[in-house]
Amino acid sequence: MGSELELDSLQTKESAMAVGADVGDVRKQMERLIWSAGNYPAVAQLIVEPALKLVAAAAIEPGMSVLDVGTGTGNVAIPAAGRGASVVGLDLTPKLLAKARARGVAAGVKIAWCEGDAEELPFADDSFDRVLSTFGVQFAPDQLQAARELVRVCRPGGLIGVCSWTPDGVPGRYIHLLQERLGGGHRGSCSTDWGDEQGVRGIFAGTNLELSVEHDNAISEFESVDDGLGFLEHNYGCAVTAQRMLDPRGEWQALRAEISDLLASANRATDGSLLLAEAYLRVMGHKPR
C-alpha cells in the first residue's frame with residue numbers, strides 16, 4: 001500500500017505558492033514526510049516475496065548493472081546484488097535509505113545507495129541492464145515522466161520490471177478510499193493505473209517497449225482483522241499521516257471503520273484470523289536493441 005496523500009489533501013499547494021516556493025519541491029518534501037512516518041521496514045517485510053519474484057523474472061546474472069527505483073529498504077536491490085549484479089538502490093527518502101544500507105551490510109552485499117527522484121533519475125542514458133521497481137515508481141506523481149525516465153536509463157536490449165498494486169485489490173481499494181476521504185481522488189490519474197493492464201500500456205505508450213504482464217498476489221497474515229488494522233495504522237506512513245490529519249477534525253474513526261470493513265470483506269480466513277491476497281501486476285518491458 002502506498003502514499004496517496006498529495007498536495008491537495010495536505011493543503012500545502014496554496015501556501016507554497018503564496019511564499020513563492022516551487023510546488024514540485026513541496027510535493028517531494030511531503031512525500032518524504034509521509035514515507036518517513038510510521039515504520040516502513042515492518043511494512044516492507046510484507047512485500048519481500050513480490051520483490052524476489054521480480055528479481056527472478058528479470059533473469060539477473062553476475063556482472064549486470066541494475067537500478068532499483070523506489071528501493072525503500074532494499075527488497076529488490078539486496079537480492080539482485082546477491083546474484084552478483086552491480087546494483088544502485090534509489091529512493092526519495094533518506095530515512096529509508098539508511099535502513100536499506102544497514103540491511104545491505106547485514107546481508108554482506110555491496111550496493112550504491114542514492115537519494116533521488118524517479119521523475120529525474122540522476123544517471124546517463126542507457127546506464128543499466130535492468131531497471132526495476134516494486135511498489136515504488138507507481139507513486140511518482142507524473143506517471144509519464146517517470147516511465148520515460150525508466151526507459152531512458154535502460155540500455156537497448158535491457159529489461160524494465162515493475163510491480164504495482166491493482167485498482168481492485170485490497171491495497172488499491174485502500175488507496176482509493178484514502179483519496180475519497182482526503183480530497184485527492186479527482187485528478188486525471190491514480191497510482192493504481194500502473195497496476196491496470198490497459199493503464200500501464202498507456203503509461204508506456206510511445207516508448208517502443210515490448211510489454212508483458214502477469215497478475216499475482218502478495219500474501220499477508222494477521223491474528224485478526226483488528227490486528228491487521230492496528231498494524232496498518234501504526235506502520236503505514238499514509239495511514240499514520242491520515243490519522244494525524246483527520247483526528248483533530250473528528251473524522252478518523254469513520255475512515256478507520258471503512259478500512260476495517262475493507263479488510264473484513266477481503267478476508268480469506270475462516271478461523272478468526274486475517275488472510276489477505278493483495279493483488280498486484282508484474283510488468284516486464286524489453287527495450288529493443
Side-chain angles (χ1 to χ4, degrees), residues 47-72 74-92 100 104 107 109-140 142-166 191 193-216 280-289:
I47 51 175
V48 167
E49 191 64 24
L52 294 177
K53 289 183 176 180
L54 180 63
V55 170
I60 294 171
E61 299 176 353
M64 283 185 173
S65 56
V66 177
L67 173 63
D68 179 15
V69 181
T71 189
N75 277 355
V76 166
I78 291 171
R83 287 179 169 233
S86 175
V87 180
V88 177
L90 177 140
D91 203 276
L92 189 66
V109 293
K110 183 177 180 181
I111 297 170
W113 303 104
C114 174
E115 182 180 345
D117 185 350
E119 296 175 8
E120 298 180 77
L121 295 175
F123 310 108
D125 296 357
D126 306 335
S127 292
F128 298 94
D129 299 302
R130 300 288 187 266
V131 181
L132 308 177
S133 182
T134 53
F135 316 113
V137 72
Q138 79 171 116
F139 297 111
D142 190 332
Q143 298 176 341
L144 299 183
Q145 176 61 21
R148 286 192 294 267
E149 284 292 275
L150 298 184
V151 176
R152 180 183 66 79
V153 302
C154 183
R155 288 176 180 152
L159 182 68
I160 294 169
V162 180
C163 292
S164 307
W165 301 120
T166 67
S191 62
D193 292 346
W194 288 83
D196 174 78
E197 182 171 350
Q198 182 176 354
V200 78
R201 289 189 184 279
I203 290 170
F204 281 109
T207 64
N208 295 321
L209 288 187
E210 300 170 6
L211 293 180
S212 63
V213 301
E214 185 176 1
H215 290 267
D216 208 338
Y280 69 92
L281 191 72
R282 183 167 51 251
V283 179
M284 310 302 291
H286 290 268
K287 185 174 180 179
R289 293 186 182 278

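The model shown is predicted, which means the values in this text are computed figures rather than measured ones.
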Point to revise | D125 CG to E149 CD distance, which is reported to the nearest 0.5 Å | key: 8.5 Å
Check your understanding: Should L52 and V48 count as side-chain neighbours, where that means a heavy-atom distance under 4.5 Å?
Key -> yes
Review point. Which atoms form the tightest heavy-atom contact between D68 and S133, and what is the distance?
Key: OD1-CA, 4.2 Å
Point to revise | Sidechain-backbone polar pair: S65 side chain, D129 backbone, donor-acceptor under 3.5 Å | key: yes
Review point. Does K287 use its side chain to pair, donor to acceptor, with the backbone of C154 at less than 3.5 Å?
Key: yes
Review point. Should the pair D216-R282 be classified as a salt bridge under the 4.0 Å nitrogen-to-oxygen rule?
Key: yes
**Study point:** Whether over 12 other heavy atoms sit under 6.0 Å from E120 CD
**Key:** no
Check your understanding: Is there side-chain contact between V55 and V76, with heavy atoms separated by less than 4.5 Å?
Key -> yes
Practice item. Determine, step by step, whether V88 and I111 satisfy the side chain to side chain contact (heavy atoms under 4.5 Å, CB included) criterion, reporting the C-alpha distance in whole Å, the side-chain angles of both residues, the deciding distance to 0.1 Å, and the verdict. Key: CA-CA 6 Å; V88 177; I111 297 170; over 6 Å; no
Exercise for review: Check side chain to side chain contact (heavy atoms under 4.5 Å, CB included) between L211 and all other residues, then give those that pass, not counting sequence neighbours.
Suggested key: R201, F204, L209, V283
Point to revise | Short side-chain to backbone donor-acceptor contact, Q145 and E119, under 3.5 Å | key: yes
Check your understanding: Are the side chain of R289 and the backbone of R155 linked by a donor-acceptor contact shorter than 3.5 Å?
Key -> no
Review point. Taking the side chain from Q138 and the backbone from S191, do they hold a donor-acceptor pair closer than 3.5 Å?
Key: yes
Review point. Is the closest side-chain heavy-atom distance between R152 and L121 below 4.5 Å?
Key: yes
Point to revise | Between T134 and N75: side-chain donor-acceptor atoms closer than 3.5 Å | key: no
Exercise for review: Just do the side chain to side chain contact (heavy atoms under 4.5 Å, CB included) check on K110 and V87 with the steps written out, would you?
Suggested key: CA-CA 8 Å; K110 183 177 180 181; V87 180; over 6 Å; no
